[in-house]
Amino acid sequence: MKLICVSNEQEVGLEAARLIASVVRIKPKAVLGLATGSTPIGTYAELVRMCAEENLDFSDVRTVNLDEYVGLDGSHPQSYRYFMQKHLFDKVNIDSDNTYVPDGLTEDAEEECALYDELLESFGYADIQLLGIGVNGHIGFNEPADCFTPETHVIKIAESTIDSNQRLFETRDEVPRYAITVGIKGILCAERIVLIATGRKKAEVLKATCLGPVTPQMPASILQLHPDVTIIADEEAFSLVPFFGDDD
Ligand code: GLP
């Protein structure tokens with residue numbers, strides 16, 4: 001794992017965008033594995049700026065998002081499709097036919113999951129996979145569990161995640177209870193992985209991700225087994241990792 005500690009949230013976004021942009025410049029038909037949540041917003045803003053001001057070209061890029069809430073359609077402001085349109089797809093020269101997000105309204109979730117895995121496989125998986133991390137260590141919506149699930153699947157969202165994501169909905173009851181998420185295989189098959197994190201609330205899980213045992217109870221810890229992972233985080237998020245923090 002390569003750990004990059006920067007001074008603030010804005011720098012996290014800039015660093016992550018630089019890595020993604022370098023992949024797109026080397027390989028114009030790159031497959032980008034993308035994530036949602038508050039953390040990647042700065043990354044997408046910087047990619048939008050690079051597209052407008054530095055000729056970063058998305059015309060041949062394909063994107064595959066990690067997850068979507070079950071029950072929300074793409075026009076719902078809290079759906080991940082809506083998030084991606086708002087923060088990236090509507091603002092760069094990407095072909096919308098090349099952007100993939102699981103269908104949260106599917107009538108056959110099992111088939112949707114199988115098709116999503118076929119899609120990932122047909123693309124040869126992501127050239128670079130962007131990840132955030134949940135307060136319980138989840139990646140995508142791979143929640144803490146007794147075992148890792150390799151395939152794309154429907155997951156019951158953990159109570160701690162509902163608590164955390166509630167801020168984006170009017171009431172806790174409105175937070176969907178299920179999501180479709182790419183599984184651990186779909187994530188680990190990416191050529192390169194970039195995980196971003198900011199703030200003190202991510203410090204414990206970042207320490208466990210980097211230094212703890214590899215366990216499905218801390219899903220992000222599986223990243224220790226991937227050969228090319230870069231974690232970009234601010235000082236607060238890295239504050240419990242001994243190289244950067246004042247922990248002894
Ligand atoms: C959601 C997403 C995750 C994301 C996490 C963290 O639950 N499913 O992919 O990493 O939120 O979000 P935030 O960046 O807002 O802390």
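Just so you know, ligand 1 is whichever comes first in the structure, and atom 1 is the first atom listed for that ligand.
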(message) Do Met50 and Val194 sit in one hydrophobic cluster, given that two such residues count as connected whenever their side-chain heavy atoms are within less than 4.5 Å of each other, even indirectly?
(response) yes

(request) Kindly confirm or rule out a cation-pi arrangement of Arg62 over Tyr100, judged by NZ or CZ under 6.0 Å from the six-membered ring centre and within 45° of its axis? (result) no

(message) Tell me if the aromatic rings of Phe89 and Phe58 count as close, with their centers under 6.0 Å from one another.
(response) no

(message) Running the 4.5 Å side-chain criterion over Ile, Leu, Val, Met, Phe, Trp and Tyr, what cluster does Val70 land in, apart from itself?
(response) Val154, Tyr178, Ile180

Provide, line by line, the atom pairs where ligand 1 and the protein bring an N/O atom each to a distance under 3.5 Å; else say none.
{"from": "ligand 1", "atom 1": "7 (O)", "to": "His138", "atom 2": "NE2", "distance (Å)": "3.0"}
{"from": "ligand 1", "atom 1": "7 (O)", "to": "Asn165", "atom 2": "ND2", "distance (Å)": "3.2"}
{"from": "ligand 1", "atom 1": "8 (N)", "to": "Asp67", "atom 2": "OD2", "distance (Å)": "2.9"}
{"from": "ligand 1", "atom 1": "8 (N)", "to": "Gly140", "atom 2": "O", "distance (Å)": "3.1"}
{"from": "ligand 1", "atom 1": "9 (O)", "to": "Gly140", "atom 2": "O", "distance (Å)": "3.4"}
{"from": "ligand 1", "atom 1": "10 (O)", "to": "Ile133", "atom 2": "N", "distance (Å)": "3.3"}
{"from": "ligand 1", "atom 1": "14 (O)", "to": "Ser38", "atom 2": "N", "distance (Å)": "3.2"}
{"from": "ligand 1", "atom 1": "14 (O)", "to": "Thr39", "atom 2": "N", "distance (Å)": "2.9"}
{"from": "ligand 1", "atom 1": "14 (O)", "to": "Thr39", "atom 2": "OG1", "distance (Å)": "2.4"}
{"from": "ligand 1", "atom 1": "15 (O)", "to": "Ser38", "atom 2": "N", "distance (Å)": "2.7"}
{"from": "ligand 1", "atom 1": "15 (O)", "to": "Ser38", "atom 2": "OG", "distance (Å)": "3.2"}
{"from": "ligand 1", "atom 1": "15 (O)", "to": "Arg167", "atom 2": "NH2", "distance (Å)": "2.8"}
{"from": "ligand 1", "atom 1": "16 (O)", "to": "Lys202", "atom 2": "NZ", "distance (Å)": "2.6"}

(message) Any carboxylate oxygen within less than 4.0 angstrom of a Lys/Arg side-chain nitrogen, looking at Arg18 and Glu46?
(response) no

(message) For Phe244 and Phe238, take the angle between the two ring planes, folded into 0 to 90°, and tell me which bin it lands in: parallel under 30, tilted 30 to 60, perpendicular over 60.
(response) tilted

